[in-house]
Amino acid sequence: MPIGETVTVNGTLAAFDHVTVGMKVPGRLQSISIDLGSVVHRGQRVAQLEQQDYKLRVQQAEAALAQARARLGLSPDGSDDRVAAEQTGTVRQGRAVMDDAKLKRDRAAKLVEQGVVSRAELDTAESDYKVALSRYQDALEEIRNRQGLLAQRRSELALAKQQLADTIVYAPMDGIVQEKKASVGEYLAAGAPVVDVVKVNPLRLRAEVPERESHNIRNGQSVRVTVEGDANSYLGYIKRLSPTIGEQNRVLVVEADVANNGGLRPGAFVRAEIVTNQTNTAVTIPSNALITFAGIDKVIVVEDGKAVEKAVTTGRRGADWVEIKAGLSIGQTVVVDPGNLQTGQAITF
């Protein structure tokens, strides 16, 4: 019987992924649509907080944004916040006053040169121009401040809308609810857990391989998994290997992904056969060809037409076969159901 070389270990199944879904914002839980064992899909709504407070915050932020836009001469409900500072009424007014003061100063300077007015009038015109220039610069700074405030109000509105959206919790992945941690009417703080979701297909098999067998283990090797009480076997593949051998117990920790059709559960204790060499063929015999007496395993083989008793070392066992690790070679003829057959008796076919 062609059975590849394997390493048999015991292990534990775990969920492939485990996520605790929580609230990003505080509030009173209004509804929750799942419970223990519920199947959920990525993006599915699972819970919602009361939203009235967050809706009011959005309205408040919208009003503040409209006010900030109006102070820049923009329509309250527009979406384009770009504005040229020189085109605003505040800056235009400051610019007009500054230009008028500049003309008066220039005119006074010419009149002084002509000797029409005194030097004092020129000094007064110069002072008025400097004041007008300062006010113009203040007007520009005021517009820049209003532009900054508008950007702040826009961010506050986006934040308020995001908080409103965060009152609804969605499943982050396909899986099954392991535990419901909140109930309707309960006040939840930010970050409070609502449900635990586990991904159960595939499952994560975690096993420990003895150091003497660890050199045969590689990523990608197939694994046959069986559970006590379940006649089915499940196929998996080695995906992760620990980089070190444990100093305490001298084992290599390995993980395999095992396909799950619903028959396996996280936490189950399983027996796993890691196929280390699919090409090499082990020596196997039918189960009813093995004789066990006083703790010694033996078989009856045929040599030169006579029965010969041989001690053997057994390995893995299947439903109707036994692996022989030592004592037999491939091709030897073994007597099935030997009964009381003794060494030396003639065998006829």
_Donor-acceptor under 3.5 Å (Arg224 side chain, Ser233 main chain)_ = no

*Determine whether Thr20 and Pro193 make a side-chain contact, defined as any pair of heavy atoms from C-beta on separated by less than 4.5 Å.*
yes

_Asp257/Arg240 ion pair, N-O < 4.0 Å_ = yes

*With a 4.5 Å limit on heavy-atom distance, are the side chains of Val197 and Met173 in contact?*
yes

*With the threshold set at 4.0 Å, does a side-chain nitrogen-carboxylate oxygen contact exist between Lys110 and Asp106?*
no

*Is Thr167 reaching over with its side chain to a backbone N or O of Leu164, donor-acceptor style, under 3.5 angstrom?*
yes

*Indicate yes or no: at least one non-hydrogen side-chain atom of Ile217 is less than 4.5 angstrom from one of Leu241.*
yes

_Side chains of Val194 and Leu188, heavy atoms from C-beta outward: is any pair under 4.5 Å?_
yes

*In a check of side-chain contact (heavy atoms from CB on, under 4.5 Å) between Glu208 and each of Asn249, Asn10, Val9, Leu252, which one passes?*
Asn249

*Exceeds 12 heavy-atom contacts within 6.0 angstrom, atom NZ of Lys181*: yes

*Mind checking whether Gln147 and Leu72 have side chains closer than 4.5 Å, heavy atoms only?*
yes

*Is the backbone of Thr12 close enough, under 3.5 Å, to the side chain of Arg206 for a donor and an acceptor to pair up by distance?*
no

*For the residue pair Ser134 and Asp138, establish whether any side-chain heavy-atom pair is separated by less than 4.5 Å.*
yes

*Inspect the surroundings of CZ in Phe293 and state if more than 12 heavy atoms from other residues, nucleotides or ligands are less than 6.0 Å away.*
no

*asked:* Looking at Gln60, I'd like to know if its CD atom is crowded, meaning that more than 12 non-hydrogen atoms belonging to other residues, nucleotides or ligands lie closer than 6.0 Å.
replied: no

*Salt bridge check: are Asp17 and Lys199 linked by an N-O gap of less than 4.0 Å?*
no

*Are more than 12 heavy atoms from other residues, nucleotides or ligands located less than 6.0 Å from atom CZ of Arg265?*
no

*Validation row: Leu157, Arg153 side chains within 4.5 angstrom (heavy atoms)*: no

*Using modelled atom types only, decide if a donor and an acceptor are shared between the side chain of Asp304 and the backbone of Lys306 within a distance under 3.5 Å.*
no

_Glu179 CD: over 12 foreign heavy atoms closer than 6.0 Å_ = yes

_Looking at Gln178, is its backbone amide N or carbonyl O close enough to the side chain of Asp196 to form a donor-acceptor pair, meaning the two atoms are under 3.5 Å apart?_
no

*Presence of salt bridge, Arg271 and Glu273, under 4.0 angstrom*: yes

*Answer yes or no: does atom CZ of Arg42 have more than 12 heavy-atom neighbours from other residues, nucleotides or ligands under 6.0 Å?*
no

_More than 12 heavy atoms from other groups under 6.0 Å of CD on Glu211_ = yes

_Keeping Gln44 on the side-chain end and His41 on the backbone end, is there a donor-acceptor pair under 3.5 Å?_
yes

*State whether the side chain of Gln114 and the backbone N or O of Ala109 hold a donor-acceptor pair below 3.5 Å, judged by distance alone.*
no

*asked:* Less than 3.5 Å apart, any donor N or O on the side chain of Glu141 or Asn145 sitting next to an acceptor on the other?
replied: no

*Is the backbone N or O of Arg212 less than 3.5 Å from a side-chain atom of His215, with the two atoms forming a donor-acceptor pair by type?*
yes

_Evaluate Gln48 against Ser31 for side-chain hydrogen bond (donor to acceptor under 3.5 Å, both in side chains), listing each step before the verdict._
CA-CA 5 Å; Gln48 179 179 319; Ser31 64; 4.9 Å; no

*asked:* Just so I know, are the side chains of Ile143 and Thr90 near enough to count as touching, which here means a heavy-atom distance under 4.5 Å?
replied: yes

_Take a 6.0 Å sphere around OH of Tyr237 and say whether it holds more than 12 heavy atoms from other residues, nucleotides or ligands._
no

